[in-house]
Amino acid sequence: MASVSVEAVRKRYGALEVIHGIDIQIPDGEFVVLVGPSGCGKSTLLRMIAGLEEISGGVIRIGDKVVNEVPSKDRDIAMVFQNYALYPHMTVRENMGFSLKLRKAERGVIAERVKKASQILGLDPYLERYPKQLSGGQRQRVAMGRAIVRNPQVFLFDEPLSNLDAKLRVQMRTEIKALHQQLKTTSIYVTHDQIEAMTMADRIVVMHDGIVEQIGSPLELYERPNNLFVAGFIGSPAINLIKGTLRRDGGRNWVATEAGIDLPLNGNASGQDGQPVVYGIRPEHLVPADNGGLPVTVSVVEPTGASTFVYADLSGAQICGVFAEHPGVNPGSRMTMMPRLDRVHLFDAGSGQRLAG
Amino acid sequence: MVSLAQDVAPSSRSGRLSAEATWGLIMLLPYIAIFLTFVLYPVGYGLYLGTEVKAYQRIFDDPIFLRTLANTVIFLGLAVNLKLMLALLLSGFFVHERRWIRWLSFIFILPWAIPSIPTILSFRWMLNAEWGMINSLIFQFTFQDGPGWLLDRVYGLGSIITIHIWKYLPFWTLILVAARLTISKDLYESADVDGASGLQKFLYITFPGVRNMYITSTLLSTIWTLGDFNSIYLLTGGGPADSTQVLATLGIRYAFGMSEVRAGVATIIVALPFMVPIVVLMVKRLRGEDR
Ligand SMILES: Nc1ncnc2c1ncn2[C@@H]1O[C@H](COP(=O)(O)OP(=O)(O)OP(=O)(O)O)[C@@H](O)[C@H]1O
Ligand SMILES: [Mg+2]
């Protein structure tokens, strides 16, 4: 096992730069998830770590060794591809043992490791089958098995669950997480699904347009997003973001929207009077209030059983509230929602950066 | 099952066709007529011409025929296999997506695209032992006379095979490029991570991936190469002294050169016991019954 360090890494395709200097330190044994919207450069970064893509600038280390010029096969990594990349003309057993065979491991060793991995993944009954005779989920497992058999320093995953149906995806993500707790191999996992990121990661790296927006534990990102992008990306349903102007008067702070609504703030909020800001409150941090909250007109009510989603109109702004108890409202009815003041996020409207406080 | 079939097709029982079926038959008639006239009749007549046993005695008594049979086997064996192996090798180059490789492939395809008569004839002149370009060059550099390229059985067959490969290599290369393109790039990347060398990637990924197409190509090329008349006729004309004849050219020689049509047909029919299984296998593969 080993740490991985990415230092000021850049990637250019001809004149086009798609990764603009990324720094990530991954300690030994950590499970890091790279997440971000499509095209932000997650796969490219992962492939540079894997040695499948040249590094245009900066340094990548695995352990203490700079690997910029080290070919993929000598980086001691294993990769699980989105489409699994199973060798179609080899059986499951041959697929799993292939890398060891290439590395001239003894037959006995290969057989034993394949056996162990197939037991862990429940692949025993399928060892003599060919990939095309397997279901999507089974193929996914074989791809995992091929990676574990190697016992590498680092596991790399590029959206390994995106071809599975929703139910299997949830099941496999728990399995991968359990596997990591058992093997404790440093893992870097790419996904564009923020729920996958939140549930699996020790730490999440949020990427956007070839840069890192924020690195932190799932809870840190949820509770203290550094900027509007991270705030909007993490959390489901998405955070409510309302534009307005910061007002300070004596000890009292609030955000005045253009429609003339005052959004309540803590006494210790930072920022200057008159500053254009974006007011963020997560749907689950709104509570139904009898008075003194935000007056809204309900447009859609979605009971999910465990909680109820209420979509509503706040003088032209769409907001969403999630309530544990059904608030007993119908479309068209009016209600008031009160933000939990300790859960309000305030961002500068110009830079999108979080305002301290 | 039986009752179902009767339910579905009651009209055919009553001896009347539906309007749709009638029109379908009418539309098919021209095709059936053309098929009968231009496919079944010539083939049938050809086979009929080949039913005379004396013709076979005649050709098997001819020492030229036996040598021709040997030439054909040599020609097929070497030309088909060398050509496809080279095509497999070259396809590994032309499969790369570079602009200059794209341009190069346009030039590379030329021998296949242009008509054979002028090109093969010009090769014939280039290979002329006394004043051909190739021997002139050899003489200029070594002050030795070059070999008589078309004046001897071994050199003649060698030249024929070379020209045949030159002509048809581009086509098979493109076919195998297409086959290679169906292999997912992921597999090569996965093999890179797994630690495979270039040769190992070829053995474990590329070849298994194009294997089916390679075998199909070999069968098809065998059929077409047997019918390649131009490369031999235009280059050596089967000479010198009939030493480079193959079945296709010898058949023509019997039929037209010596006005022995039945011997000519018999020459071609001799190849049928070998060709029919290949054709059957080929059709089966193309219909995917072989997997
Ligand atoms: N070979 C290439 N040549 C030019 N541009 C490329 C190449 N490969 C990727 N890019 C560009 O690099 C950027 C990042 O691509 P990348 O595949 O890393 O995105 P991603 O974050 O993995 O997205 P997704 O979630 O859709 O997989 C994209 O804008 C893409 O268009
Ligand atoms: Mg990607």
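Residue numbering restarts at 1 for every chain, and letters A, B, ... go by the order of the sequence lines. On a predicted model such as this, the values are computed, not experimentally measured, just so you know.
Side-chain polar atoms of Thr244(B) and Thr236(B) form a donor-acceptor pair below 3.5 angstrom.
Contacts of Ser184(B) with chain A are absent, with no heavy-atom separation under 4.5 Å from either backbone or side chain. With a 4.5 Å cut-off on non-hydrogen atoms, Glu189(B) touches chain A through its backbone and its side chain both. Residue Arg146(A) touches chain B through its side chain alone, counting heavy-atom pairs closer than 4.5 Å. For Leu86(A), the part lying near chain B is the backbone, with the side chain staying farther off; criterion is any non-hydrogen pair under 4.5 Å.
For an aromatic pair to be called close, the ring centres must be under 6.0 Å apart, and Trp112(B) with Trp166(B) fails this. Between Tyr204(B) and Tyr87(A), the distance separating the two ring centers is not shorter than 6.0 angstrom.
Comparing Met90(A), Met79(A), Glu94(A), Arg103(A) by how many heavy-atom pairs each has under 4.5 Å with chain B, the most go to Arg103(A). Annotation: maximal heavy-atom pairing with chain B below 4.5 Å, among Lys101(A), Lys73(A), His89(A), occurs at His89(A).
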Only distances under 3.5 Å count here; give the side-chain donor-acceptor pairs of residues 107-115 of chain A to other protein atoms, sequence neighbours excluded, each with its distance to 0.1 Å.
from: Arg113(A); atom 1: NH1; to: Val149(A); atom 2: O; distance (Å): 2.6

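Under a 4.0 Å N-O distance rule, the pair Asp202(A)/Lys177(A) qualifies as a salt bridge.
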